[in-house]
Amino acid sequence: MKKLINDPAHYVDEALDGLTLAFPSLVRDGAAGRVIRRTHPASRGKVGIATGGGFGHLPLFAGYVGCGLVDTCSVGNVFEGPNVDSCIEAIRLADGGRGVLRLYGNYGGDRMNFDMAGEMLEDEGIACTTVLGTDDIASGGPDQPARRRGVAGLIYAYKAAGAAARSGSDLDEVTRIAAKAVAATRTIGVGLAACRLPSAAKPSFDLGDDEIEMGIGIHGEPGIWRDKLRPADMIADEMVERLLADLPPAAGGEVSVLMNGLGATPMEELLILYRRVRAQLQGAGLTIVAPLVGNYVTSMEMQGASLSIFHLDAELKALLAAPADCPFWRVG
Amino acid sequence: MSIDASRIGAAIGRAAGAVQTLEQELNQADAKLGDGDTGSMLARVVGAMAQSGAADATDVSDAFGKLARAGMSATGSSLGTLISGAFLSLSKQTKGRATVDWSDLSRLLAIVLDGMIARGGASLGDKTVLDSVHALVLALADVSDGAQAATAARVSANDALHRYRDLPCRMGRAKFFGDKSVGLDDPGMLACAKLVDAVAGAETEFANITT
């Protein structure tokens with residue numbers, strides 16, 4: 001597994017430098033430069049949204065800093081949670097006087113550091129709430145949301161909560177919307193080949209040349225089954241079937257769909273999957289609104305894809321359609 | 001002889017020396033249950049702690065505080081954050097004390113353990129570093145000097161590693177492996193046993209020489 005890198009110890013910082021140089025709407029901030037924030041922050045009086053997470057998943061997390069999405073992002077090392085200092089800085093920089101929603105994926109290190117940051121900021125009087133992304137159905141049963149990891153579907157929570165915050169909603173309302181969006185999102189991934197951490201000598205997991213793993217996590221966490229590669233349509237069918245077997249209670253007839261590449265899978269293959277996914281969802285009586293196909297949440301050079309379904313009602317549909325602008329997702 | 005800042009500094013120096021040789025072994029243990037970076041993460045964290053000037057701290061609380069802050073800056077990983085939090089707890093508990101007696105270690109670690117459980121959300125028995133710390137709390141309860149503490153710590157951390165090896169992981173990324181984790185060491189427990197061995201091994205020798 002070859003990589004176009006320099007010193008692995010500089011992987012994150014050099015990539016963040018490139019990110020902010022290529023996309024001037026983003027800027028590095030914080031004592032160690034491990035917060036990405038909007039170059040032109042929202043005017044005061046808006047509820048702030050701070051996110052964060054380990055590195056190696058771009059465009060997630062830092063790439064979704066923008067208007068109508070999240071305000072700041074704390075950035076950890078590759079596949080490690082962000083440290084507490086960067087979480088404190090991300091919350092402070094997101095604060096516009098009406099409180100801050102901490103919105104990030106359900107992983108141990110991320111949780112501990114955002115929790116500690118909140119405790120350390122209590123004296124500063126910044127009201128904080130937390131919503132965790134828990135959309136990965138392969139990591140826990142429907143009755144075990146605390147066990148479920150946050151994966152690609154987190155960007156729908158960014159979109160909905162970001163739109164609510166931009167419209168002037170208060171912290172309680174933005175928090176309610178974020179939690180509602182998470183509860184309405186389901187994701188499953190399929191892995192074809194592992195990635196390698198820049199500091200590691202070997203790939204992060206072993207998968208045979210002719211094998212795939214259904215339900216794999218974005219760090220290579222084990223999934224539901226591992227077996228021989230099969231045609232794209234069969235994989236798409238199983239992903240749709242598993243996601244529709246796990247419907248949120250209030251699911252209606254409209255969904256948005258994110259057909260996401262994990263890093264090294266070409267657009268062509270994502271489109272082959274998407275056409276089958278669309279047919280299957282239509283066959284199940286669902287209407288697709290604002291589909292997304294591409295690399296939205298990756299694991300460096302991991303090969304594979306994930307499918308997220310965002311179940312819409314009138315409220316979430318309007319929030320999804322509201323204007324938003326970041327380097328990797330533009331609406332309106 | 002009790003524990004003072006220079007002794008804490010020397011201990012973290014020994015840990016930093018040992019973690020260099022342990023790095024790939026811990027990475028490989030983690031590759032079976034996680035993404036294979038526990039060794040590299042710990043090398044970075046313990047290395048930063050060794051550079052924190054703990055040996056020159058004004059008292060033990062300050063020494064523990066320096067270790068905590070160095071660790072917190074070096075990582076946000078769950079294991080690294082738990083370790084940094086443990087030193088922060090020790091710093092708070094020893095505020096204003098120039099030294100800590102060996103016989104205090106168990107009581108201090110019991111409060112550290114409560115904090116780790118509250119922060120990380122794991123329970124005892126989940127096959128995590130918490131089970132190693134719990135074993136240390138029990139084993140250090142009756143020690144009165146450094147040599148006894150070193151032996152008790154080495155034996156108990158190693159014993160905990162062996163006792164849990166054939167149980168399934170129930171926390172963190174490793175829990176998704178379920179029964180496939182039976183027979184595999186938890187990387188955090190393995191790191192604890194190896195680092196306690198490195199730190200306490202020299203402590204035993206030191207005690208033997210000086211007594």
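Just so it is clear: chains get the letters A, B, ... in the order the sequence lines come, proteins before strands, and each one is counted from 1. All values below were derived from every heavy atom in this structure, side-chain atoms included, with hydrogens, water molecules and symmetry-related copies excluded.
- Heavy atoms only, all atoms of each residue included: Ser78(B) and Met112(A) are closest at CB-CE, 3.6 Å.
- Heavy-atom contacts from other residues, nucleotides or ligands closer than 6.0 Å to CD of Glu119(A) number more than 12.
- For a residue to count as touching a neighbouring chain, one of its non-hydrogen atoms must lie under 4.5 Å from one of that chain's; by this rule Arg149(A) touches chain B with the side chain only.
- If you measure heavy-atom distances from Asp85(A) to chain B, the contacts under 4.5 Å come from the side chain alone.
- Atom OG1 of Thr81(B) is separated from atom CG of Asn113(A) by 4.0 Å, given to the nearest 0.5 angstrom.
- Ranked by non-hydrogen atom pairs under 4.5 Å with chain B, the options Pro222(A), Gly108(A), Gly109(A) are led by Pro222(A).
- If you tally non-hydrogen atom pairs under 4.5 Å between each of Asp110(A), Asn77(A), Val84(A) and chain B, the highest count goes to Asn77(A).
- Proximity to chain B (any heavy atom under 4.5 Å) is shown, for Phe79(A), by both the backbone and the side chain.
- Side-chain atoms of Asn83(A) never come within 3.5 Å of backbone atoms of Gly76(B) as a donor-acceptor pair (strictly under, hydrogens ignored).
- Within a 6.0 Å radius of CG in Asp179(B), no more than 12 heavy atoms belonging to other residues, nucleotides or ligands are found.
- The number of heavy-atom neighbours closer than 6.0 Å to NZ of Lys92(B), taken from other residues, nucleotides and ligands shown, is 12 or below.
- For Asp206(A), the CG atom sits in a loose shell: 12 or fewer heavy atoms of surrounding residues, nucleotides or ligands are nearer than 6.0 Å.
- Only the backbone of Ala74(B) comes within contact range of chain A, with at least one heavy atom under 4.5 Å from a heavy atom of that chain.
- Taken from CE in Met116(A) to CZ in Arg119(B), the straight-line distance is 5.5 Å, to the nearest 0.5 Å.
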Check the pair Lys175(B), Glu221(A) against salt bridge (charged side-chain N to carboxylate O under 4.0 Å, His left out), reporting the backbone distance first and the verdict last. CA-CA 10 Å; Lys175(B) 71 175 175 282; Glu221(A) 296 95 331; over 6 Å; no

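- Side-chain contact between Lys202(A) and Asn27(B): absent, with no pair of heavy atoms (C-beta onward) separated by less than 4.5 Å.
- With a threshold of 4.5 angstrom between heavy atoms, Thr75(B) approaches chain A through its backbone and through its side chain.
- Between atom OG of residue Ser199(A) and atom CD of residue Glu23(B) there is a gap of 7.5 Å, rounded to the nearest 0.5 Å.
- Between Arg44(B) and Glu80(A) the shortest side-chain heavy-atom distance falls below 4.5 Å.
- Proximity to chain B (any heavy atom under 4.5 Å) is shown, for Arg147(A), by both the backbone and the side chain.
- Rounding to the nearest 0.5 Å places CZ of Phe176(B) at 7.5 Å from CG of Asp136(A).
- Around the CG atom of Asp7(A), the shell of radius 6.0 Å holds more than 12 heavy atoms that belong to other residues, nucleotides or ligands.
- The residue among Gly80(B), Ala174(B), Gly34(B), Ser73(B) with the most heavy atom pairs within less than 4.5 Å of chain A is Ser73(B).
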